[in-house]
Amino acid sequence: MDYNFESIEKKWQQYWRDNGTYKVEIDKNKPKFYVLDMFPYPSGAGLHVGHPLGYIASDIYARYKRLKGFNVLHPMGYDAYGLPAEQYAIQTGTHPAVTTEKNINRYREQLDKIGFSYDWDREVRTSDPSYYKWTQWTFIQLFNSYYCNHEKKARPVKELVRHFSIYGTKDLDVACGKQISFTADEWNDMTEKEHQSLLMNYRLAYLADTMVNWCPELGTVLANDEVSEGLSVRGGYPVIRKEMKQWLLRITAYSDRLLEGLDTVDWNESIKDVQRNWIGKSMGASLFFKVENKDIDIEVFTTRADTLFGVTFMVLAPEHPLINDIVSDDQKENVEEYVMWAKNRSERERMAEVKKVSGVFTGTYAINPMNGDRIPIWIADYVLMGYGTGAIMAVPAHDSRDFAFARHFNLPVIQVVTKDVDNNTDTSNWEESFDAKEGVMINSDFLNGMTVKEAILAMIKEIERRGIGKGKTNYRLRDAIFSRQRYWGEPFPIYYKDGMPYPFDEDKLPLELPSINAFKPTENGEPPLARAENWVTEEGYPIETNTMPGFAGSSGYYLRYMDPHNDNALVGEEADRYWQQVDLYIGGAEHATGHLIYSRFWNKFLFDIGVSCKDEPYRKMINQGMIQGRSNFVYRVNFEKMAEYRVWDFLKDNKLGVTFVRDFKAGRRRFDFYCQSKNIIIEIKKVSSLEKLEEAYENIAKELGCKLLLIPIRQVVMDEDFEVVKQKIRNLVAGKKVPAFEGIDTIEYPNLFVSKNIPGREYYSDPIRVDINMVHNDILDVEEFVKWRDDLAGSEFIFEKDKDGNPIYVCGWEVEKMSKSKYNVQNPDDLVVKYGADTLRFYEMFLGPLEQSKPWDTQGIEGVFRFIRKYWRLYFNENGDFCVSDEPATKEELKALHKLIKKEADDIERMSFNTVVSAFMICVNELSDLKCNKRSVLEPLAVMISPYAPHIAEELWHQLGHDDSVVNQCYPEFNEQYVIENTFIYPVSFNGKKRFDIELPLNMDVKAMEIAVLSAPEAEKWVSGKSIKKVIIIPKKIINIVVA
RNA sequence: GCGGGUGUGGCGAAAUUGGCAGACGCGUCAGACUUAGGAUCUGAUGCCGAAAGGCGUGGGGGUUCGAGUCCCUUCAUCCGCACCA
C-alpha cells in the first residue's frame, strides 16, 4: 500500500470531526494546560505559509502535552473587527459582516486542512454579539472604576463619590488626569453635571479632549502603536496631530504594575525590554522656576537634578500653555510666528528634521532657584509637550540637544561634571557635551566632590527641603485612545444625557451594531454610526457614535475561551479557577507595544475586580519568527545610468582617471565605492571610516600612476581637461545634448531586460517584480512572464547560457516580508495538495529555530517528504502489505527508539522543534537499516510522531489494530537501560588536537585507561621523542595528552 | 544616540553543562537500477594539499590541558525605541 496522504488526511480529519476528538472539558482529575495562538485577523488574502508556523508549533506542543497526561485547552477564533473589511465596504458596498464571514470560512477551510487539534466548539469571534457583549461589559466596568494608588488596584467610582462627599479631595491618592482639590462642601454643592464632569478626571475609561493622531485619509484617529514615522501602519497614509474629544483608557495608572509584572512572566527578554521602553519609567525630580517680574512658576522635570548649577537657559515646548503669559512685548511677534510655524509642521517633517536646531527667545528670564541666576527662557520644538511638563531646564554642558541649541544661539555653557579631577572647565572649545551619568561634581556649591549618583540624591533632598519641588517618577506611556470613527467595531454602551455620557444597564447588553446603508463618515464628518436610524435609547437619548478600536476585542479573548458559552459572565468562576491563565502563548513579536500591553492592562483590571484569578494573562510566551518571502526580479536597463555608462566609455577611451563614489553615508560610517581607470576595475567595499577610505584611495592612485580625487557620485574629477569634461557631464545630467556624447538621448531603446549575471549590471536597474510561480530555481519562464505583463510585449531579453549552452534568464532575488503585493506569497494549500499536511507540518518545523526569521524555500521540503515515506515503509513489506511482527525487539532497535523518546521530550519542552525532526530522521534511518518491523517499536513510534504528523500516525495506529484515537495515548516511558553502553569510544587528543579514537570499557579506572591509551599503537607516533607533561582523562568525554 | 539580537560549509542549520565543530536535511558530484527520470537506492562532499599533514565557527587579543561556547576588544548586520529632559 502506497502512502496516499490525500485520502489518509481527508479520512482522519473527518473522523476527528465526527468523534469530537479534540473537545475538551474541565477535568479536575488531570492537570490543565492552556496553549494559545494569537488569533488571526481573517484577511481576504487567506493564510500564507508564514501564518501556520506558530500554529503548527503550538499544535505540536498541545498534542505532546495531551500525550503526557495533561488536559489541554487549545482553542482558536477570529479577530473579526478591522479596517480592511470596512475599507472594502466603502469601495464596494459589501457589508463588512459578509466579507468577514467569507474570509473566516476560507481561513477555517485552510486551517482544517493542516490538521490542527483545536476545540472548535470554543471558537470566538470578536464581532459576534455574544462575544462583544463582554467587551462592552468590561468597558462599563472600566467606566465605573478608578485607580487607587494606595491599594494599587481599581476600585468602584461609587467609593470615590462617597469619599468626595465626606472629605472632598483630602487624603486622596488616586490616578487622575489633573490634580484638582476641593472640599466636601464644594462637592456637595455641585450639580449632577458638574459631578459627572469631575469624575471623568478619575474614571479608568474616560472622555477627554486630547491631541490625537488623526488620519484624514482613513477618517479616524489611530493609537500611537498604529502610527509609525508619521504614517499610518495600515495603508501608510499621513497622520496629523489634532485635538478631539475621545474616549481613553487610563492605562498609565497601571504603569508600575505593568512594569513589575514583566519580572513574573517567562517571556523573551527583548519583548520585555520593548515593553519597559514603551512604559519608559524614569526617576528624577520636578521643580519650579520663578519667572522674573511675574507671578508665574514654570514646572520642569529632570532626571539630572545634579546638574542644576549648570543650567544656563530654559526651553518651553511651542504648545506650552504659559507662553502667552510670559512673552515680552518686543518678542511677541517673533514668538507667535515661531509657534505658528511649529504648529503647522507635520509630525513627519518634525521627525525628519530632528537635527535642525530652531527656536525663539521669549524676551523673558527665569530665576534658577538654587543660585538665583537669571536665565533666558526660550521656545523650541525639540521640547515636547507630551512628555514631562513640556518645559526643561537646559544644561548644555551635559545634554547634547541643549548643547546643540546653545551653540546655535550662542548661549553660555557651564561644566558641572568632570571625568578627571584637574579637568579644565573652559567649555568654549568643546565639540560635544558630556552626557554620561558618571564623574564628579564641580562648580556646584554643596555638591562639589560628590559623584553624579550621590549628587542626584543630595540635590533632590535639597529641593524638597526648600520646598521648590520634589522627587518624581515620570512615564513615557500615554493613556490609550479608545475611540475610532469607524463602523466595523464594537459600539460603546454609552448614551448622552444633558451632554454627559452614561453607561447602559448591563442587562441591556449587548448593544448590537446597527445596520447602515453606507459605511463612510457623514457629510459633516461624523462617524458612520451617525447614519444609523434610531441610534437612541428607549428613552430617546442619543447613543455614542464612535466605536472601539481593534485591541478592544483582542484584549480579553483568552478568558472567553475558558467559558465561551456562558451567558451570565465573561468567564464563570469554576472555569477561571480551573484554567487560570495561558500557559503557553505563541504569536508574533510585532504586537509587543500593542495587543500585548493592552491585554495585560485589561487582565490586570479584570483581576482587580475579581473576574480573572491571575494578574498576568500569559505565563510563557514564544514569538515565532517571520517567514520571509523570496522575491524575484528582472532587471531593466536604466537609460539615465546607461548615459552615465557612455560617459564612462568616453572617459576610458581618452585614458582619463575617473572616480565615482557611491553610497556615501557618513552618518553610518560606511562607504561603498568603486574606481575605474585604465581598463582596471577595482572594487573596495565596506570601508570602515573616512580615513581608511582616503588611505585606500591614495594606494589606488599610486598604483595607477594618475591623480585621483575623492568625490561623491555624479561628480567626476580627473587630471586633465577637468573643467571641460565636468561641464559636459553637467550638461548631460541636465538633459542637454553634448557633442561628445551625441546620440545617447536620441536612441530609442526597447524594453531591454538583462539576466542577473551579465556584467555591467550596475547600469541596469528599474527592477520589475516577478510572480514566484514563474520562477524555478531563479530561472524565469520568459514566455509566461511576457504573457503575464502583456504591457511588456516586444521587450528584448539578454540571456545567459546554462552548461549545455541553452539560453536561460536568471532572476535576481531578495528576501523580504511575504506579501501579496510582492508576488512572493507561498500558499500552504498548494503544498498540502502536493505533499500533504503532515509533510508541511514537519517541514515548517524543520526550517530552523521557531523564534528565528527565515526565508521560505521549498527546495528542502522534498527531503522531509522522502523521510515521511521512509517512515511509512517501516510498517509495510516489499509487496506493500501492512506487516508488523510481534517478535521482541532487538537491543539496537530498542536503543534507537529510546534515544528518540528522550530527545523528543527534552527538545519539545525547550521549544526546539527543529531538532526533533532530525531526531526522527535519525531514528527512522536506523530502524530502516535494521529492517525493524516490530510492534513493540513501531507502536510507540506512531504515538511519538503523532504531534508532528497526526494523520499518518492515526492511520498507522488504526492499521496496528486499535479502535481508539492515537491522540489519547500516553507518551512512551523512557528507559535508560536500553541506551546504556558498557564501552565508550574516546577521542584521543595530543595538545588539544584529536589524533585517533580508542574504545575503552566504561568501568575502567583512570590509571588503567592512561596505560591503555599510551600503549596504543597509534599513540607511538605522537609521543616519540617528546615528554608527556600531563594526561587529562574525563570519563565519557575525552582524553587529552599534553606533550612537549 | 540608547536598548536587544545575530554572525558557523555552496544553502537551511546542529553542537542543551567549556570536551571529537558541521548532526539532520537541501544542493552538488560519482555510481546502481531503468526505454526514460523532477522516481528509488548506494557512496562522496568544510577549505588547502598527491599524501603526510595543515587551516578552519566575522576580525584581534586573553583565560584553559581543551573555547563556536567564558572574558576583553573590534567589525558587520538585523530589530525595537528615540529631540523622553
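Reminder, nothing fancy here: chain letters follow the sequence lines and each chain counts from 1.
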Is G9(B) syn or anti, taking syn as a glycosidic angle within 90° of 0? syn
Closest listed nucleotide, where the reference is the side chain of Lys834(A) and the choices are G54(B), C24(B), G38(B): G38(B)
I'd like to know whether Glu851(A) forms a side-chain contact (heavy atoms from CB on, under 4.5 Å) with Gln624(A), so could you lay out the CA-CA distance, the side-chain angles of the two residues, the decisive distance to 0.1 Å, and finally the verdict. CA-CA 4 Å; Glu851(A) 299 198 63; Gln624(A) 91 269 23; over 6 Å; no
Do the side chain of Ser433(A) and the main chain of Asp435(A) share a donor and acceptor less than 3.5 angstrom apart? no
Residue Met1009(A) excluded, over 12 heavy atoms near CE under 6.0 Å: yes
Describe, in one word, how the ring planes of Tyr387(A) and Phe301(A) are oriented to each other, choosing from parallel (under 30°), tilted (30 to 60°) and perpendicular (over 60°). perpendicular
Rounded to the nearest Å, what distance is computed from the CZ atom of residue Phe865(A) to the P atom of nucleotide G27(B)? 14 Å
Check whether the side chains of Thr915(A) and Ser912(A) place a donor and an acceptor atom closer than 3.5 Å, and report yes or no. yes
Would you check if the distance from the ring center of Phe984(A) to the ring center of Tyr986(A) is below 6.0 Å? yes
Between C78(B) atom C1' and Asn623(A) atom CG, what is the distance in whole Å? 16 Å
Are the side chain of Lys272(A) and the backbone of Leu262(A) linked by a donor-acceptor contact shorter than 3.5 Å? yes
Phosphate contact (U40(B) OP1 or OP2) by Arg869(A) side-chain N/O below 4.0 Å: yes
Working to the nearest 0.5 angstrom, can you tell me the gap between Tyr871(A) OH and Asn925(A) CG? 14.0 Å
At under 4.0 Å, does any side-chain N or O of Arg476(A) touch on OP1 or OP2 of A82(B)? yes
Whom does A44(B) pair with, Watson-Crick or G-U wobble, provided both distances fall under 3.5 Å? U28(B)
Side-chain contact check for Thr302(A): nearest option of C24(B), A85(B), C20(B) is A85(B)
Rounding to the closest angstrom, what is the interatomic distance between C24(B) and G4(B) at atom C1'? 30 Å
Gap in Å between the two C1' atoms, one belonging to A14(B) and one to C20(B), rounded: 14 Å
When both distances are under 3.5 Å in a Watson-Crick or G-U wobble arrangement, the nucleotide paired with C2(B) is G80(B)
Using atom CZ of Arg478(A) as one end and atom P of A82(B) as the other, report the distance to the nearest whole Å. 12 Å
Step-by-step ring pair (Phe, Tyr, Trp, His ring centres under 6.0 Å) determination, Tyr843(A) to Trp856(A): CA-CA 11 Å; Tyr843(A) 185 57; Trp856(A) 178 257; 5.5 Å; yes
Given atom CG of Leu477(A) and atom P of C81(B), what is their separation to the nearest angstrom? 14 Å
Could you measure between the two C1' atoms, the one in G46(B) and the one in G38(B), and give it in whole Å? 29 Å
Atom NE2 of His320(A) and atom P of A85(B) are separated, to the nearest Å, by 17 Å
Main-chain N/O of Thr307(A) paired to His398(A) side chain as donor or acceptor, under 3.5 Å: no
Take atom CG of Asn268(A) and atom C1' of G80(B), then tell me their distance rounded to the nearest Å. 12 Å
Taking NZ from Lys994(A) and C1' from G53(B), how many angstroms apart are they, rounded to a whole number? 16 Å
How about CD on Glu976(A), more than 12 heavy atoms from neighbouring residues, nucleotides or ligands closer than 6.0 Å, or not? no
Nearest-Å distance once atom C1' is located in both U40(B) and U34(B): 10 Å
For nucleotides 8-15 of chain B, 5' to 3', base contacts (B), sugar-phosphate-only contacts (S) and non-contacts (-) with protein non-hydrogen atoms under 4.0 Å give ----BSSS
Hey, what are the protein-to-nucleotides 62-65 of chain B N/O distances that come in under 3.5 Å?
from, atom 1, to, atom 2, distance (Å)
C65(B), O2', Asn1040(A), ND2, 3.1
C65(B), O2, Asn1040(A), ND2, 2.8

Provide the distance between the two P atoms, one in G58(B) and one in U6(B), to the nearest whole Å. 12 Å
Out of A85(B), G54(B), G80(B), which has the shortest distance to the side chain of Asn277(A)? G80(B)
Can you tell me how far C1' of A85(B) sits from CG of Leu308(A), to the nearest Å? 13 Å
Polar pairs (N or O, both sides) under 3.5 Å between protein and nucleotides 41-43 of chain B?
from, atom 1, to, atom 2, distance (Å)
C41(B), OP1, Arg873(A), NH2, 3.3

Expressed as a whole number of Å, how far does the P atom of G56(B) sit from that of A21(B)? 13 Å
What interatomic distance, in whole Å, is found between C1' of A13(B) and the corresponding atom of G25(B)? 9 Å
Measuring only the C1' atom in each nucleotide, how far is C55(B) from G18(B)? A whole number of Å is fine. 22 Å
Please work out whether the ring planes of Phe867(A) and Phe842(A) are parallel, tilted or perpendicular, with thresholds of 30° and 60°. perpendicular
U69(B) pairs with which nucleotide, Watson-Crick or G-U wobble, both distances below 3.5 Å? none
Side-chain donor or acceptor of Arg841(A) paired with backbone N/O of Tyr948(A) under 3.5 Å: yes
Look at the side chain of Asp273(A) and decide which nucleotide, out of C83(B), C20(B), G3(B), has an atom nearest to it. G3(B)
Is the ring pair Phe409(A)/Trp378(A) parallel, tilted or perpendicular, if the boundaries are 30 and 60 degrees? tilted
Any side-chain N or O of Arg401(A) less than 4.0 Å from the OP1 or OP2 oxygen of A82(B)? no
So, Lys902(A) and Asp906(A), do they make that salt bridge, N to O below 4.0 Å? yes
Go ahead and name the base partner of G7(B); Watson-Crick or wobble counts if both distances stay under 3.5 Å, otherwise write none. C75(B)
Identify the nucleotide, in any strand shown, that forms a Watson-Crick or G-U wobble pair with U64(B), with both distances under 3.5 Å; if there is none, say none. none
Most 5' of Asn925(A) and Asp906(A) on RNA chain B, judged by nearest nucleotide: Asp906(A)
Pair assignment for A23(B), Watson-Crick or G-U wobble, requiring both distances under 3.5 Å: none
Identify, between Ser918(A) and Ile1039(A), the residue whose nearest nucleotide on RNA chain B lies closer to the 5' end. Ile1039(A)
